[in-house]
Amino acid sequence: MPFLSDTLSRVKPSPTIAVSNLAAELKAQGKDVIGLGAGEPDFDTPQNIKDAGIAAIVAGKTKYTAVDGIPELKAAICAKFKRDNGLDYTPAQVSVGTGGKQILYNALMATLNPGDEVVIPAPYWVSYPDMVLLAGGTPVFAETSSQTNYKLTPDQLEAAITPKTKWFIFDSPSNPTGAGYTWDELKALTDVLMRHPHVWVMTDDMYEHLVYDDFKFCTPAEVEPRLYDRTLTCNGVSKAYAMTGWRIGYAAGPEEIIKAMRKVQSQSTSNPCSVSQWAAVEALNGPQDYIATNNATFKRRRDLVVAMLNEADGITCLVPEGAFYVYPSINGCIGKTTPAGTHIDTDETFAKALLEEQGVAVVFGGAFGLSPAFRISYATSDANLTKACARIQTFCAGLK
Ligand SMILES: Cc1ncc(COP(=O)(O)O)c(C=O)c1O
């Protein structure tokens with residue numbers, strides 16, 4: 001009898017975490033490596049949020065809390081949904097978990113039966129397919145293309161839906177492409193969903209606040225109110241408030257699924273960290289002005305990276321609407337050979353050779369389900385980005 005479960009054998013470890021670990025390992029060995037793999041802001045958590053966490057510790061708010069969140073945080077989340085998205089939720093419709101990741105995982109664990117399908121646009125955030133597999137479901141990929149800036153078209157969504165589809169996972173702005181759907185683009189997708197009443201929407205709005213130029217964020221239940229009863233609107237404080245280590249994510253939706261998610265959480269981790277919950281109350285209720293300040297920095301970095309990558313031979317990079325990622329295509333590099341003699345046959349060999357020969361760590365596109373490409377996280381200093389992109393240019397210029 002095998003010791004490890006069959007389910008586990010269907011799942012792979014997170015490739016983005018693997019790249020970050022490898023870059024850190026090489027740095028620790030004294031190698032000159034620039035890591036562009038990590039999906040987290042390089043900004044510090046704002047002081048008012050840290051102070052709220054410290055105050056919670058001092059006040060002894062260090063015990064178990066209600067499994068899916070303290071009432072104060074649920075109230076702050078309801079106020080946020082009303083303020084930012086025009087959505088009315090009651091605290092009973094809100095679930096708080098240990099990061100956005102646990103929220104999505106709870107929802108899939110609570111709803112998927114063997115054979116249930118989950119439509120995931122590709123390229124996708126690396127965890128969606130594996131979470132679906134862990135929960136016993138079947139991921140169904142709907143492949144996008146650079147022609148539509150990696151945004152799913154209504155026809156592609158329609159083609160991916162079957163009688164077995166339980167969820168459609170929607171992610172805008174997207175990790176890994178940064179693509180954000182306009183109101184009209186999203187409405188075209190919700191129109192498709194209106195024709196398939198058995199399909200629920202899991203919208204991952206993690207990058208809601210990280211949008212640039214004049215892009216206006218929107219979310220499915222806001223664009224199509226008739227979908228409210230079958231939408232789970234997921235979000236969190238990790239990215240917009242530079243709180244990745246605090247581990248607070250949340251979702252709102254019909255009470256039935258919120259209750260089911262609570263049941264999963266009650267038998268796995270119980271409540272998210274009490275101190276982090278109080279810090280998240282401050283994040284959501286406190287001043288929001290640093291988001292715009294951080295975004296000005298992110299936009300400058302995005303423009304820098306896109307411009308420099310487009311100057312590299314064989315690379316084409318679109319300008320994304322949000323998040324802190326770009327997803328350049330390396331179509332023009334495939335089939336070539338590096339100065340050290342590596343034949344570039346896939347984006348994985350490209351990323352490996354780039355790390356070995358130029359000391360730049362990026363995540364290969366295959367990890368996100370659409371090749372040949374790679375993902376850069378530009379949540380690092382301008383100096384690092386300039387140096388890394390110059391090395392990518394040198395690497396590409398050396399391909400024969
Ligand atoms: C699209 C997306 N959703 C969810 C998460 C998870 O966020 P958290 O760190 O709050 O678990 C991430 C983090 O990388 C993400 O990129």
Side-chain angles (χ1 to χ4, degrees), residues 13-21 35-43 45 49 68-69 73 77 80 95-109 118 120-132 134 139 144 150-152 167-181 201-211 217 219-220 232-251 261 265 268-269 272-273 276-277 279-280 283-284 298 320-327 363 367-369 375-380:
S14 165
T16 45
I17 293 177
V19 168
S20 304
N21 289 349
L36 302 179
E40 66 178 346
D42 55 326
F43 307 124
T45 304
I49 299 176
D68 62 359
L73 182 50
I77 290 165
K80 173 259 169 297
S95 184
V96 184
T98 300
K101 210 170 209 176
Q102 189 185 23
I103 284 294
L104 299 163
Y105 186 65
N106 285 347
L108 294 167
M109 284 299 283
V118 178
I120 303 173
Y124 43 73
W125 179 46
V126 290
S127 294
Y128 298 143
D130 292 281
M131 288 200 277
V132 168
L134 273 175
T144 67
Y150 301 113
K151 293 181 213 176
L152 194 68
W167 288 104
F168 164 51
I169 298 187
F170 179 72
D171 176 35
S172 165
S174 142
N175 178 0
T177 64
Y181 289 68
V201 191
M202 190 175 295
T203 177
D204 182 354
D205 298 352
M206 190 52 80
Y207 295 95
E208 163 178 19
H209 291 299
L210 305 186
V211 292
F217 171 84
T219 189
L232 186 70
T233 306
C234 306
N235 210 319
V237 296
S238 297
K239 314 283 174 166
Y241 303 95
M243 290 178 70
T244 44
W246 296 78
R247 312 304 304 132
I248 295 291
Y250 57 84
M261 289 165 65
Q265 193 160 299
S268 51
T269 58
C273 168
S276 299
Q277 291 190 64
L284 295 176
F298 279 140
E321 289 84 1
F324 38 65
Y325 307 106
V326 291
Y327 199 69
V363 187
F368 306 99
R375 187 195 78 173
I376 278 184
S377 163
Y378 55 83
T380 184

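Order of appearance sets the numbers: ligands from 1, and atoms from 1 within every ligand.
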Practice item. For Asp171 and ligand 1, answer yes if some heavy atom of the residue is under 4.0 Å from a ligand atom, otherwise no. Key: yes
Review point. Taking the non-hydrogen atoms of Glu40, is any one of them nearer than 4.0 angstrom to ligand 1?
Key: no
Under 3.5 Å between any N/O of [X] and any N/O of ligand 1: does that happen in this structure?
{"X": "Arg247", "answer": "yes"}
{"X": "Gly100", "answer": "yes"}
{"X": "Asn175", "answer": "yes"}
{"X": "Tyr325", "answer": "no"}

Check your understanding: Is a side-chain donor-acceptor pair under 3.5 Å present for Tyr181 with Lys151?
Key -> no
Under 3.5 Å: donor-acceptor pair, side chain of [X], backbone of [Y]:
{"X": "Arg375", "Y": "Thr177", "answer": "no"}
{"X": "Ser377", "Y": "Ala38", "answer": "yes"}
{"X": "Thr144", "Y": "Ala122", "answer": "yes"}

Review point. Do Tyr207 and Phe324 have ring centres separated by under 6.0 Å?
Key: yes
Exercise for review: Check ligand 1 against Ser238 and write out every atom of the ligand that is under 4.0 Å from a heavy-atom position of the residue.
Suggested key: 8 (P), 9 (O), 10 (O)
Check your understanding: For ligand 1, which atoms have a heavy atom of Gly99 less than 4.0 angstrom away?
Key -> 10 (O), 11 (O)
**Study point:** Residue and atom name of the nearest protein heavy atom (relative to atom 3 (N) of ligand 1), distance in Å to one decimal
**Key:** Asp204 OD2, 2.5 Å
Practice item. Locate the shortest heavy-atom distance separating Leu104 from Cys234; write the atom from each residue and the value. Key: CD2-SG, 3.8 Å
Check your understanding: With under 30° as parallel and over 60° as perpendicular, where do the rings of Trp125 and Tyr128 fit, or are they tilted in between?
Key -> perpendicular
Exercise for review: Report the member of Trp125, Trp246, Tyr128 with the shortest heavy-atom distance to atom 15 (C) of ligand 1.
Suggested key: Trp125
**Study point:** Closest candidate by heavy atom, reference atom 14 (O) of ligand 1, pool Lys101, Lys239, Met243, Met206
**Key:** Lys239
Exercise for review: Report the C-alpha distance between Asp68 and Gln265 in whole Å, list the side-chain angles of each, state the deciding distance to 0.1 Å, and finish with yes or no for side-chain hydrogen bond (donor to acceptor under 3.5 Å, both in side chains).
Suggested key: CA-CA 7 Å; Asp68 62 359; Gln265 193 160 299; over 6 Å; no
